[in-house]
Amino acid sequence: GTTALVVGATKSAGTEPFAGRIAEAFVYSAALTETQVQDRMCQSGTGSETNIAGYFKFDGNGNDSTANANNLTAQASATATTVSNPFYS
């Protein structure tokens, strides 16, 4: 579809922002099993996982780390940084 992807807010307009930090975000084009989610939830991705539509590392930007190039644009006071990110030191 063409609906906007919103990461870190509860509404599609980007309102009601999440008051915290998001280390990484993944978007898949197929449902994952509970086991798949548990296996992946504490690991950094590669961007080449099966059925991945978007992988966002937030390591200084909102760019998609897959070949799909579904890049995000930060709004309001959102920033992407490697500070306090458990996957980067």
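Taken from CD1 in Ile52 to CZ in Arg40, the straight-line distance is 8.0 Å, to the nearest 0.5 Å.
Shortest non-hydrogen contact noted between Val7 and Ala25 is CG1-CB, 4.1 Å. When all heavy atoms are compared, the tightest approach of Ser44 to Glu24 is OG-OE2, 2.9 Å. The two atoms that bring Ala31 and Gln36 nearest to each other are O-OE1, 4.3 Å, heavy atoms only.
Screening residues 22-44 for ring-ring contact (aromatic ring centres under 6.0 Å, His included) gives Phe26-Tyr55 as the qualifying pairs, with residues at least two apart or on separate chains.
Shown here are the side chain to side chain contact (heavy atoms under 4.5 Å, CB included) partners of Thr46, two or more places apart in sequence or in another chain: Ser48, Glu49. Residues forming a side chain to side chain donor-acceptor pair (under 3.5 Å) with Thr35 (at least two apart in sequence, or on another chain): none. For Asp64, the side chain to side chain donor-acceptor pair (under 3.5 Å) criterion is met by Thr66, not counting sequence neighbours. A search for side chain to side chain contact (heavy atoms under 4.5 Å, CB included) contacts involving Val27 returns Leu5, Ala53, Phe56, not counting sequence neighbours.
At most 12 heavy atoms of other shown residues, nucleotides or ligands fall within 6.0 angstrom of atom CD in Glu34.
Not one N or O on the side chain of Asn68 forms a donor-acceptor pair closer than 3.5 Å with the backbone of Asn70.
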